Amino acid sequence: MTESHENRQESSRGLQENTELLHRISNRLTDKFAGVFAAETVERYVFETYTALARTAKITTHLPATTEHFANDRLTALAKSKGAVASEVPEVLFVCVQNAGRSQMAAALLTVEAKGRIHVRSAGSLPAAELDPAVVAAMAEMGLDLTRDYPKPLTDDVVRASDVVITMGCGDSCPIYPGKRYEDWELADPAGLPVAAVRIVRDAIHDRVKALAASLLHDPSSEKEESNA
């Protein structure tokens, strides 16, 4: 029996065991998105999200919680892409292959730099089971805790909701939509590297993130005021 077949069987068992819990999650999110999405749409998103996350999760204890968190984010993204919910800040999506290293570091660093003025997401074209331990350690050195973060699959809804999509080694797997800003950052993959090497990748990402934040938060009026001072 192949590992992928075993994973599918385990995912199916987990789905059956957690059906009642997933229905409760669906009911909560249906209430939250009342007037935006039908209950059937919300339930479909919840069950699809659980199945997607269960395929790669090593530890299933937190799957219901991560399912609710990710399904909520996907539904929010879908609502914004359809214009049902206004987006008051720029939306940025970081994508790498496993969503276990580069894209996670970039998302955490931009979140800090933006101070709430940019909404940040990350995803992976082939998400790993967990974040790279060396990445978690390197980010902890900066006071950023990634222990509660988890790899997320790349979905069409989050791409559609994004204003800026940054790819890192997986550009071909990311759907292209008009009206969005796309960039591909060529950076070393930290997978399997020691913490000392991951620091170099982290700092290179941080430099790019600072420039990205500055471009998105650029306020011409404030610059004009400074030049007239």
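This is a predicted model, so every value here is computed, not measured.
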Novice: Same cluster for Ile205 and Ile200 if Ile/Leu/Val/Met/Phe/Trp/Tyr side chains link at under 4.5 Å?
Specialist: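 Different clusters.
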Novice: Please check if atom NE2 in His206 has more than 12 non-hydrogen atoms from other residues, nucleotides or ligands closer than 6.0 Å.
Specialist: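 Result for NE2/His206: enclosed.
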Novice: Please determine if Glu113 and Lys115 form a salt bridge, counting it only when a charged side-chain N lies under 4.0 Å from a carboxylate O.
Specialist: no
Novice: Decide whether Tyr150 and His62 meet the rule of one side-chain donor and one side-chain acceptor closer than 3.5 Å.
Specialist: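 His62 and Tyr150 do not have a side-chain donor-acceptor pair below 3.5 Å.
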Novice: Measure the shortest side-chain to side-chain distance between Trp185 and Leu212 over non-hydrogen atoms and say whether it is less than 4.5 angstrom.
Specialist: yes
Novice: Check the hydrophobic clustering (I, L, V, M, F, W, Y; side-chain heavy atoms under 4.5 Å; chains of links allowed) and say if Leu131 and Val112 are grouped together.
Specialist: yes
Novice: Please say which of Asn18, Asn72, Val46 ends up in a side-chain contact (heavy atoms from CB on, under 4.5 Å) with Thr67.
Specialist: Val46
Novice: Whether the Arg121 and Ser162 side chains hold a donor-acceptor pair (N or O, under 3.5 Å, no angle test) is what I'd like checked.
Specialist: no
Novice: Salt bridge or not between Glu91 and Lys80? Use side-chain N to carboxylate O under 4.0 Å.
Specialist: yes
Novice: Does Asp203 come within less than 4.0 Å of Arg199, counting only side-chain N to carboxylate O?
Specialist: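 Salt bridge absent between Asp203 and Arg199.
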Novice: Would you say Glu68's side chain and Ile25's backbone share a donor-acceptor pair under 3.5 angstrom?
Specialist: no
Novice: Which pair of non-hydrogen atoms, one from Leu146 and one from Ala108, has the smallest distance, and what is that distance?
Specialist: CD1-CB, 3.9 Å
Novice: Tell me, do Arg160 and Asp156 make a side-chain contact under 4.5 Å, heavy atoms counted?
Specialist: yes
Novice: Checking Arg202 side chain against Ala138 main chain: does a donor-acceptor pair fall under 3.5 Å?
Specialist: yes
Novice: For Pro194 and Ala134, which heavy atoms make the closest approach, and how far apart are they?
Specialist: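 That closest heavy-atom pairing would be C-CB, 4.4 Å.
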Novice: With a 3.5 Å distance limit and no angle check, can you tell me whether Asn99 reaches the backbone of Pro127 through a side-chain donor-acceptor pair?
Specialist: no
Novice: Is Val195 reachable from Leu187 through a run of I, L, V, M, F, W or Y residues, each pair having side-chain heavy atoms under 4.5 Å apart?
Specialist: no
Novice: Salt bridge or not for Arg44 and Glu40, using N-O below 4.0 Å?
Specialist: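 Salt bridge: no.
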Novice: Looking at Thr51 and Phe47, would you say the former's side chain and the latter's main chain have a donor-acceptor pair under 3.5 Å?
Specialist: yes
Novice: Got a donor-acceptor contact below 3.5 angstrom from the Lys180 side chain to the Val165 backbone?
Specialist: no
Novice: Under the side chain to side chain contact (heavy atoms under 4.5 Å, CB included) rule, what do Ser103 and Val95 come out as? Steps first, then yes or no, please.
Specialist: CA-CA 6 Å; Ser103 57; Val95 185; 5.8 Å; no
